[in-house]
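For reference, the structure is listed below as structure tokens.
Heavy-atom basis, side chains included; hydrogens, waters and symmetry copies ignored. All of these numbers come straight from a predicted model, not from anything done at the bench. All chains are named by letter (A, B, ...) in the order of the sequence lines, taking the proteins before the strands, and each is independently numbered beginning at 1.
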Protein chains: 2
Amino acid sequence: MEIRKLKYFITVADEQSFSKAAQILHISQPSLSNAIMKLENDLKMELFKRDTRSIYLTDIGEVFYQRALHIVRQFEHFQLEVAEMAETGDGHINIGIIESAKFWLFKVIKAFKNTYPDIHFQFNEVLGQKEVISSILEGDVHFTITNQPMHNQLITSHPLYHEPFMLAVYETHPLARKTSVELTDIANQAFIISREGFQTRGDVLQAFMKEQLYPKIEYEIERLETACKMVEEGLGVTILPKSYLDYNPTPHIIGLPITSIFLNRTVYLAYLKDRSMTPAIQKLLSKIRQFEVF
Amino acid sequence: MEIRKLKYFITVADEQSFSKAAQILHISQPSLSNAIMKLENDLKMELFKRDTRSIYLTDIGEVFYQRALHIVRQFEHFQLEVAEMAETGDGHINIGIIESAKFWLFKVIKAFKNTYPDIHFQFNEVLGQKEVISSILEGDVHFTITNQPMHNQLITSHPLYHEPFMLAVYETHPLARKTSVELTDIANQAFIISREGFQTRGDVLQAFMKEQLYPKIEYEIERLETACKMVEEGLGVTILPKSYLDYNPTPHIIGLPITSIFLNRTVYLAYLKDRSMTPAIQKLLSKIRQFEVF
DNA sequence: ACCTGCTTATAGTTAAAAGCTATAGATATA
DNA sequence: TATATCTATAGCTTTTAACTATAAGCAGGT
């Protein structure tokens with residue numbers, strides 16, 4: 001007993017005619033008569049009484065009709081659900097994200113929500129490279145925005161943009177008057193930096209080291225937002241990605257370009273190479289790639 | 001998308017293997033691989049990730065699995081219901097019945113209930129021939145136990161048994177001493193008879209008329225039970241079918257055979273010729289035909 | 001490093017099923 | 001009585017679901 005035959009049966013019962021039902025179903029009348037006969041044999045039930053002029057449901061046919069209608073509707077509902085599912089999966093997208101990407105990423109996501117309003121997002125604020133890699137490999141995230149290039153065969157990483165770091169100082173700070181600074185200008189300032197294991201620390205420290213300098217670290221924080229607040233209070237200066245300052249403009253904080261060839265980074269979009277992505281996620285990925293951060 | 005393919009899919013997902021699933025499903029592994037591939041193409045979804053060693057569900061496959069499992073279970077439940085329905089229809093049997101058949105018929109039905117305990121019965125106590133015929137033709141009853149032969153092409157009637165009428169008298173009545181009576185013995189007694197339109201009246205009156213007699217009608221009743229009560233109170237005598245007296249023995253009432261070739265009747269089982277009967281009803285009909293009333 | 005065994009995919013074929021057209025047969029209606 | 005309409009039957013074609021045989025990929029043992 002297949003759903004198709006049940007649909008045939010329902011149509012015949014509704015039309016009280018094989019020939020009309022056949023027209024509606026876009027099959028020939030003999031094919032339909034045959035199908036119903038096979039259904040009757042299969043069920044060992046006589047569903048219709050027929051004479052050469054007209055047909056009508058038997059008692060048992062009436063009862064069967066109700067049941068068949070019910071299961072066919074359930075099946076059609078299932079098909080609708082599946083069609084939706086084909087687009088959006090289970091309706092969840094999990095994204096790994098570095099703090100400094102949040103601001104522009106949310107602009108992309110806002111646009112995406114217009115097309116897929118019901119999708120639910122989960123953000124995974126991943127920090128060290130190990131965590132980034134394992135969260136991708138274990139499927140915890142569909143993709144990750146990261147500043148770390150992936151050295152793993154199973155992971156595809158796609159550079160999104162290249163950005164310089166900038167110095168963030170309070171508006172009344174002496175350096176604020178300059179149009180650009182050098183690392184030597186910074187080295188003697190009270191410096192705010194990410195803690196070990198948090199993003200940007202490595203980039204910043206390496207740049208100093210390559211110029212054989214060392215910053216005067218007075219504060220170690222976890223979140224860039226905290227660093228900003230500290231700068232705002234005049235506790236010191238810090239170095240932030242350009243995009244962070246652009247998308248998160250803070251009153252009284254000035255961003256200054258730094259003349260160091262080492263102080264810049266690339267932001268990547270990374271995901272498991274053969275992970276199957278729903279059309280919804282693919283569209284999001286393409287929007288992310290197309291988005292002009294600057 | 002057919003239920004069959006969904007079942008295939010579920011088995012593969014459960015077994016995490018095409019070859020094991022193929023064994024369970026009693027089809028070859030290539031057939032199964034093919035079927036799943038077709039399902040995937042049909043749905044435009046990748047359900048499994050495969051390498052040559054093992055397979056696993058994709059994210060979307062997991063979600064689809066849940067839905068598929070649900071609809072397949074619903075379908076299997078539907079099939080069970082239908083199988084039951086094939087036996088018992090909608091679980092109702094409507095029977096037309098004359099009063100004098102109730103007593104033996106309920107013995108048959110009691111036995112029938114052992115096999116089909118959940119079937120619900122409705123009894124239609126039909127009286128005149130017109131009503132008997134119309135209730136059969138209009139499908140109000142599945143079948144009728146009647147003492148009237150049916151003269152209708154669409155109705156099949158099957159004689160069940162032939163029975164004499166008997167005289168019912170109170171035990172102290174003068175006639176009670178006899179072993180059999182003649183109509184002339186009865187003609188001068190206070191007589192209890194069914195009202196116009198109720199069963200037995202016609203049979204009884206015709207018998208008297210054929211012997212050119214006429215009973216001394218003093219009471220006209222509707223239900224045979226009422227007649228019995230009256231006899232018990234010594235109000236008069238009445239004529240009842242043998243089966244009624246046999247199955248409904250009343251204390252102090254004696255049933256006497258009547259020596260009249262006219263005073264007997266045939267009880268029939270009648271039903272619409274081409275009405276489709278469930279196996280349950282067919283079994284009941286056959287039990288009725290086999291039941292030995294005497 | 002190279003078999004062995006297990007698993008899935010592909011190719012080619014067969015069998016079953018679902019469809020078609022043409023037409024017979026039956027019966028209401030004109 | 002002829003006509004139109006409806007279902008059933010017969011015979012054929014197309015599509016689909018199976019099958020067998022075999023290739024190809026990989027893990028594990030030798």
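Within the 4.0 angstrom heavy-atom criterion, only backbone atoms of the sugar-phosphate kind lie near A:K5; the bases stay farther away. Contacts of B:S19 with the nucleic acid, taken as non-hydrogen atoms under 4.0 Å apart, involve only primed sugar atoms and P, OP1 or OP2. Among the protein residues, A:Y8 comes within range of the sugar-phosphate backbone only, with heavy atoms under 4.0 Å from sugar or phosphate atoms but none that close to a base. In this structure, B:S33 reaches the sugar-phosphate backbone alone: every heavy-atom distance under 4.0 Å involves primed, P, OP1 or OP2 atoms, never a base.
Remark: C1' of D:dT20 and CG of B:L32 are 16 Å apart, rounded to the nearest angstrom. Computed from coordinates, the B:E15 CD to C:dT8 P distance equals 11 Å when rounded to whole Å. One interatomic measurement links the two molecules: CD of A:Q29 to P of D:dT9, which rounds to 11 Å at whole-angstrom precision. Protein atom NZ of B:K49 is 18 Å distant from nucleotide atom C1' of C:dT7, rounded to whole Å. Taking atom CG on B:N34 and atom C1' on C:dT10, their separation rounds to 9 Å, with Å as the unit. One atom, CD1 of A:I36, and another, P of C:dG19, lie 11 Å apart when rounded to the nearest Å. Between the CG atom of A:L39 and the P atom of C:dA18 there is a distance of 11 Å, given to the nearest Å. Between the C1' atom of C:dT7 and the CD atom of B:Q23 lies a distance of 12 Å, rounded to the nearest Å.
At D:dA18, one or more side-chain N or O atoms of B:R4 fall inside 4.0 Å of OP1 or OP2 (strictly under the cut-off). Residue B:K38 places at least one side-chain N or O under 4.0 Å from the OP1 or OP2 atom of D:dA17. Checking the phosphate oxygens (OP1, OP2) of D:dC19, a side-chain nitrogen or oxygen of B:S28 falls inside 4.0 Å. Side-chain N/O atoms of A:S17 include none lying less than 4.0 angstrom from OP1 or OP2 on D:dC6. Within the 4.0 Å cut-off from OP1 or OP2 of C:dT7, not a single side-chain nitrogen or oxygen of B:R50 is found.
In this structure, the ring of B:Y161 has its center no less than 6.0 angstrom from the ring center of B:F291. Taking the six-membered ring for Trp and the full ring otherwise, B:F106 and B:F123 have centroids separated by under 6.0 Å.
For A:P30, the listed nucleotide lying nearest its side chain is D:dT9; candidates were C:dG19, C:dT10, D:dT9. In this structure, the nucleotide among D:dA8, C:dG19, C:dA18 sitting nearest to the side chain of A:I27 is C:dG19.
The ring pair (Phe, Tyr, Trp, His ring centres under 6.0 Å) pairs that include a residue from residues 128-154 of chain B number zero, where partners must be two or more places apart or lie in different chains.
In summary, of the residues considered (A:Q148, A:H162, A:E163), a side-chain contact (heavy atoms from CB on, under 4.5 Å) with A:T266 occurs for A:H162 alone.
For the pair A:R4 and A:Y8, the cation-pi test (distance below 6.0 Å, angle within 45°) is passed.
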